[in-house]
2 protein chains.
Amino acid sequence: MDKRSLIINSALKLFVEHGFHGTATSKIAQDAGVANGTLFQYFKTKEELVISLYIHFKDELSEYISKNTSENADIKKALKTQVLSSLIWALDNTTKFRFIQQVHTSPYITQVDQDVLKNQVEPHLFLIQKGIKEGILKPLPVDLIYALISSQIFGLYQYLTSQKLSKTKQNETIETTFEMLWNMLA
Amino acid sequence: MDKRSLIINSALKLFVEHGFHGTATSKIAQDAGVANGTLFQYFKTKEELVISLYIHFKDELSEYISKNTSENADIKKALKTQVLSSLIWALDNTTKFRFIQQVHTSPYITQVDQDVLKNQVEPHLFLIQKGIKEGILKPLPVDLIYALISSQIFGLYQYLTSQKLSKTKQNETIETTFEMLWNMLA
DNA sequence: TACATTTGTGACTGATTAGTCAATCACAAT
DNA sequence: ATTGTGATTGACTAATCAGTCACAAATGTA
């Protein structure tokens with residue numbers, strides 16, 4: 001494992017555990033088993049580290065979703081796959097997901113390049129747009145529908161992580177709530 | 001205005017602007033126009049300040065909601081009032097709402113007394129429980145329905161603050177999405 | 001007025017921080 | 001063997017931090 005990855009892993013863990021404020025760069029380096037100065041060779045500043053991590057993990061999530069989404073499925077099926085993929089990834093990568101949330105509600109988010117953020121949501125907006133055009137989804141603003149879907153995922157994630165449900169019961173809940181979401185939007 | 005309130009206002013503003021990490025206690029005192037030491041008379045530590053603010057503003061929101069909710073309205077009307085109140089408060093107090101979100105996704109949240117948090121959601125859970133018992137809401141776990149409602153509010157807030165809509169258009173969107181939410185849950 | 005209590009002050013400190021840099025290392029090319 | 005190169009190191013520093021404390025001002029009380 002290369003040093004860059006070691007630093008990323010340690011930073012992720014410590015940031016989520018103690019927050020940005022509570023995590024010294026020296027502690028990250030120590031946890032990663034590299035020298036203090038090495039961290040600053042890969043990331044010019046602590047701020048750059050935080051922002052790089054955010055983009056890194058959001059990309060990872062995006063890639064996971066699109067990897068599982070087939071292009072020529074019907075809208076409902078495609079959207080379902082995207083929602084389920086997001087939830088599965090989030091539940092399998094709670095630390096990364098928490099980190100994304102943490103940055104998302106922090107002032108750091110303003111430092112993230114707007115174009116990068118835009119490119120990440122683009123594919124999802126496209127599917128919604130298609131759904132509206134075909135009259136399958138309600139004729140509402142695309143951004144609004146996207147916001148409602150995202151927040152549903154977020155809310156369900158919150159619920160599922162706060163309860164100790166079996167995998168079966170978990171999947172059941174995910175299925176049920178997706179149908180509810182779909183009925184709300186279609 | 002007493003010094004405690006001055007400190008609270010300045011802390012709120014600076015925390016949201018620069019994060020917990022980026023805000024020195026001395027800067028808060030300076031902004032509030034009080035001496036360094038005065039801050040520590042009202043809040044023993046910086047951590048206590050953050051947590052006190054969180055509880056303070058969540059209480060403010062809770063009080064605003066219950067102030068507007070009449071007890072003997074039907075379930076739908078009561079829930080609608082609660083959702084709309086939340087949104088109105090959030091849109092009128094964006095800084096406070098951002099702060100609440102910020103703490104909520106940060107490691108600080110684990111330091112907040114669990115009983116305090118429980119008491120704050122209790123009243124809302126009660127209404128949902130009643131709705132399920134009367135067969136008006138779907139027979140799902142109370143916590144799940146609460147999570148879905150909360151996240152809908154959160155998502156709609158995100159959307160409304162990212163768009164520059166007129167007050168009329170805003171209210172229209174809120175009305176529409178509440179009906180959608182209700183149809184999803186009932 | 002005199003005294004007591006509460007409230008406020010800001011200079012101070014020991015600890016910690018992000019970031020630097022001269023030195024060292026592993027190793028490939030000559 | 002020798003030289004060159006880029007990655008790695010960790011001791012170091014200037015700055016900043018949260019929190020303290022001895023004292024002063026304000027307020028209350030009689």
Side-chain angles (χ1 to χ4, degrees), chain A residues 1-57 95 99 102-103 105-113, chain B residues 1-57 95 99 102-103 105-113:
Chain A
M1 204 173 207
D2 66 345
K3 311 237 168 195
R4 202 188 136 90
S5 302
L6 288 169
I7 292 168
I8 286 177
N9 286 342
S10 294
L12 169 67
K13 189 182 77 186
L14 294 172
F15 280 151
V16 169
E17 208 164 324
H18 305 111
F20 309 121
H21 144 256
T23 307
T25 52
S26 56
K27 292 279 198 302
I28 296 169
Q30 196 182 3
D31 187 273
V34 303
N36 246 328
T38 306
L39 189 150
F40 290 96
Q41 280 220 312
Y42 291 99
F43 306 95
K44 272 205 284 286
T45 63
K46 189 183 183 181
E47 191 173 293
E48 193 192 293
L49 170 62
V50 172
I51 292 163
S52 296
L53 286 191
Y54 177 75
I55 294 169
H56 180 86
F57 293 128
T95 311
F99 179 80
Q102 217 168 298
V103 176
T105 60
S106 82
Y108 282 109
I109 195 67
T110 60
Q111 311 277 349
V112 181
D113 191 291
Chain B
M1 206 172 207
D2 66 345
K3 311 237 169 195
R4 202 188 138 90
S5 302
L6 288 170
I7 291 168
I8 288 178
N9 286 343
S10 294
L12 169 67
K13 188 182 77 184
L14 294 172
F15 280 150
V16 169
E17 207 165 326
H18 305 112
F20 309 121
H21 142 255
T23 308
T25 52
S26 56
K27 291 279 196 304
I28 296 170
Q30 195 182 2
D31 187 273
V34 302
N36 244 328
T38 306
L39 190 149
F40 290 96
Q41 280 215 316
Y42 291 98
F43 306 95
K44 272 206 284 288
T45 64
K46 189 184 184 180
E47 191 173 292
E48 193 192 292
L49 170 62
V50 172
I51 291 163
S52 295
L53 285 191
Y54 177 76
I55 294 168
H56 180 85
F57 293 128
T95 311
F99 179 79
Q102 216 168 301
V103 176
T105 60
S106 82
Y108 282 110
I109 195 65
T110 59
Q111 311 278 347
V112 181
D113 192 291

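Residue numbering restarts at 1 for every chain, and letters A, B, ... go by the order of the sequence lines.
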Donor-acceptor contact present, side-chain Lys27(B) to main-chain Gly22(B), <3.5 Å: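 Here the side-chain-to-backbone pair does not exist.
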
Interatomic distance, Glu48(A) atom CD to Tyr42(A) atom OH [nearest 0.5 angstrom]: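 These two atoms lie 13.5 Å from each other.
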
Reported OG-to-CZ distance for the pair Ser106(B) and Phe20(B), which is rounded to 0.5 angstrom: 5.0 Å

Parallel, tilted or perpendicular: ring planes of Phe15(A) versus Phe99(A), cut at 30 and 60 degrees: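 Parallel, since the angle between the ring planes stays under 30°.
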
Inter- and intrachain pairs under side-chain hydrogen bond (donor to acceptor under 3.5 Å, both in side chains), touching residues 8-23 of chain B, at least two apart: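 Residue pairs with at least one partner in residues 8-23 of chain B: Tyr108(A)-His21(B), Ser10(B)-Asp31(B), Lys13(B)-Asp31(B).
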
Annotated protein contacts, base or backbone, on nucleotides 5-20 of chain D with a non-hydrogen cut-off under 4.0 Å, one of B, S, - each: --SBBBB-----SBBB

Atom pair distance, as rounded to whole Å: CD in Gln30(A) and P in dT17(C): 11 Å

